[in-house]
Structure formats: structure tokens, C-alpha cells
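Working notes for the structure below.
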2 protein chains.
Amino acid sequence: MRRSQDQRKAETRQRLLQAAGELIAERGVAGASVDALADAADRTSGAIYAHFGDKEGLLVALLDEWKDATGDAVRAEYEATDDEGARFAALWRNFVSPPPNASDAWVLLEHELWLYACRNERARSRVAARYDDARRALAQTLHASDGTSAEEVAALFIALMIGLEMQRRLDPDAITDETALAGLRALAHLRQPAENV
Amino acid sequence: MRRSQDQRKAETRQRLLQAAGELIAERGVAGASVDALADAADRTSGAIYAHFGDKEGLLVALLDEWKDATGDAVRAEYEATDDEGARFAALWRNFVSPPPNASDAWVLLEHELWLYACRNERARSRVAARYDDARRALAQTLHASDGTSAEEVAALFIALMIGLEMQRRLDPDAITDETALAGLRALAHLRQPAENV
DNA sequence: GTCTATAGATTGATAGAC
DNA sequence: GTCTATCAATCTATAGAC
């Protein structure tokens, strides 16, 4: 019996975390009430308090367990070709049109939690670590060919893609794929100073 | 008497809008209650409903009246020099460390309202128009020297600065000014294809 | 137009049964 | 660990006096 109890407990925890991700992406941190979060996971609010203490505890746990399942897929797709254009196109495509499993609103969850982290000390270090991980992972994927710092380029790539996606989400016609790719290409070769301009 | 009544009305409206901007930046859209918004403007909730109908009306009005007072200052500072490095440094500086009048949290207001716009049809077109204005204004300031589309570069500049500021806000050491400037410089000259790589 | 007072719904969190 | 029931606080919005 111990076994099945533990299983149910673990399942509940996972259901709560997944439901939290989805519902918060849809309604926002403040818009997703404890009851609604529990409902979405087919549990009641009591389960949330038993597992995480309070709503903030759930959010912090969500941040801790929140890994990009996408990372590996992106890397594989990236390394499938040697052509720089195709590689950057893969990066961009995976960023703007989220992978099969994730909801279309996953980017909203990123912004939701970033905003939350800006106002909550406990959350900030976790989200900061998440961005640090993202930079490192991307830097490793890019494995900077030349003298440029790979992490520097990774930070710029991430920044550009986030900012472009923000604009595109408001107006899909505002940002073309060509613009995005031209931007990534330019950033990839920022080592050379503005010599022949 | 009509005169002073109108004056008070106009003043109240302005106070409500300004207080809304500040309080929402601090607590978020959902975190700033109607009563709290009214309090911050030294009025009561009744004033908000009389002026804007409901909370959403206040937010929409805030979006409509929301102009960057900074635009002109940035442009003046930009054109004060011919040196590209100094120009981009001025752009970046004005973006990350907001001007005298604005609160340090003004960027949070941007994200707060962007997120709101992603979930609210009435708000989305307004925020989209705001970003379009920003692109146009920046494009005009940059007055693209060469064949590159000025609006394209403007979109990339804005995207990069937003994304870098997000990362820097979580961890000030993650993004150096040098990285930001190198990124802007690279984007400014994206016309040339990757020929001599 | 602005206030006070209040209705009605919803919130985060707790208590106690199982 | 999970549920039901519930409290106190807070929320948006309305009604009516001035």
C-alpha cells in the first residue's frame, strides 16, 4: 500500500505543477486562484496546501522543476546541418512556434514568471538561474566558432528572440522570419568591429 | 464655476492615469485594486467608475494616453554626436536607466501591459500600435544610412534592448554594457550577407 | 463628478474528518 | 495526503446623497 500511496502523491504533485504551468500561462499568476489551480489538476485546494504550503510555494516549486524539454530537440535539429541559415532558422522556429507538447501560451508563462520574479525575492534567484542555464545551453550548442564569447552571443540571441516574439505576438505582420534570421546572423558575427562600413 | 469644475475633472483624470501607471508597475494589473488605484490618486473608487466605466476602461485609457516623454530626449541625445558608438550607448543608457521623471519600474509596466494586451482584444490593438509607433520613431532617428530597411533595424534594436534588459534585471552581472553595444552595432550593419566568414 | 456605504462574488488560507 | 466546509479579507461594481 505504501507504494500506491507514494505513487498517488507523486502523481498529484506532478499534476498540480503541470496544471499550474498551463493555467498561469492562460490567466496569469494573479488570475489563477488556488481553487482554480487545484481544479485544473483534478484535486482540491487542500492538496496544494499539503504539498506546497501556500500559493507562493507552488510557484517556487514550479520554477524549480521547470526545465525546457525542448532544449535537446533544438540542439539535435541545430546540429543536423552545417548551414548557418538553416541552423538559425531552426532556433527561431522552435522559439516562436512551440513544440508539440507545449501550449501555444508557453511564452506567456515565461513572461508571467519573469514579472513575478521581479517582485519576489525567492523567485528571482530561481528565474535568474533558469536564464543562466538557457544561456549556457545555447552557448554550448553554438560552440562559438571564433574569438567571440559564446555566452555573450547566447545572451544576445535569447534577447533578440524574446523581443521579436513579443512584437510578433502583438502583430504577426510586424516581424518577418527574414528579419529575425538576419538579426541572428548579424549577432553571430559580432566579433569584427565596424571596419569596412 | 464651470471652469474650475472642468479643471478638477481634468486633474482627477490625469491623477488617476498617472497613479495607475505607477501602481500597476509596482503591483501588476491584477495586484492593483480599484480602491488602491483611487487611493494612490487621492480619490475614491467612484471617481474611477465615473471617468472610465470600469477597471478595464481605465487600463485602455492608460494605453491611449501613454506616450513616451522620453522619445524626444533620446533623439536629441542621439543626434548630438556622429559617433556610432556614442549614439548606441545613448540609446541603451536611456533604455535601461530610465529618465529622471519615470519610475525605475517603468519597464515592468511595459511588460505588465504587454501581457494584459496578449489576453485582451481591446488592449491588444492599442499596445500593438504603441510598438509600431516606437519602431517608426526609432527608425526615423536611425534614418538608415544604407539599403537596410530602417524599420527592420528598429524592430531588431527594440527587441534586443528589451530582451537584454529582461536578463539584466534578473542578474545585473549577466549583461554588460559592452555586450549590449556590440549587439546593437552588429544589428546596425546587417545588410551585408555572411560573405567573409 | 465625487463621495460613502454596501452588495455580491471571489480570494488565500485553516480546521477537522477520513 | 486529500477532502469538505468555512472564515476573514478583499475584490469589482452599484446605489444614492451631495
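First the proteins, then the strands, lettered A, B, ... as listed; each starts at 1. Everything numeric here is computed off the predicted structure, so don't read it as measured data.
- The side chain of B/Ser33 contributes an N or O atom lying less than 4.0 Å from OP1 or OP2 of D/dC11.
- Salt bridge status for B/Arg124 with B/Glu121: present, with a side-chain N to carboxylate O gap under 4.0 Å.
- Under the rule for a ring-ring contact (aromatic ring centres under 6.0 Å, His included), B/Tyr78 has no partner lying at least two apart in sequence or in another chain.
- Distance alone, capped at 3.5 Å, places no donor-acceptor pair between the A/Gln167 side chain and the A/Ile175 backbone.
- Contacts classified as salt bridge (Lys or Arg N to Asp or Glu O under 4.0 Å) and involving residues 24-45 of chain B (residues at least two apart or in different chains) are given here: B/Arg15-B/Asp42.
- Residues of residues 52-65 of chain B that place a heavy atom closer than 4.0 Å to DNA chain D, in numerical order, are B/Asp54, B/Lys55.
- At whole-Å resolution of the value, CZ in A/Arg27 and P in C/dT10 are 12 Å apart.
- Every residue was checked against the salt bridge (charged side-chain N to carboxylate O under 4.0 Å, His left out) condition with B/Glu152, not counting sequence neighbours, and none meets it.
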Expected rows: protein N/O vs nucleotides 2-8 of chain C N/O, under 3.5 Å:
residue: C/dT2; atom: OP1; partner: B/Thr12; partner atom: OG1; Å: 2.6
residue: C/dT2; atom: OP2; partner: B/His51; partner atom: NE2; Å: 2.4
residue: C/dC3; atom: OP2; partner: B/Thr44; partner atom: N; Å: 2.9
residue: C/dC3; atom: OP2; partner: B/Thr44; partner atom: OG1; Å: 2.9
residue: C/dC3; atom: O5'; partner: B/Thr44; partner atom: OG1; Å: 3.2

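- Ring-plane geometry between A/Trp114 and B/His111 is classed as tilted, the angle between the planes lying from 30 to 60 degrees on a 0 to 90 degree scale.
- For A/Arg136, the salt bridge (charged side-chain N to carboxylate O under 4.0 Å, His left out) partners are A/Asp132, A/Glu151, not counting sequence neighbours.
- Remark: C1' of C/dT14 and OH of A/Tyr49 are 9 Å apart, rounded to the nearest angstrom.
- Rounded to the nearest 0.5 Å, atoms NZ (A/Lys9) and NE2 (A/His51) are 6.5 Å apart.
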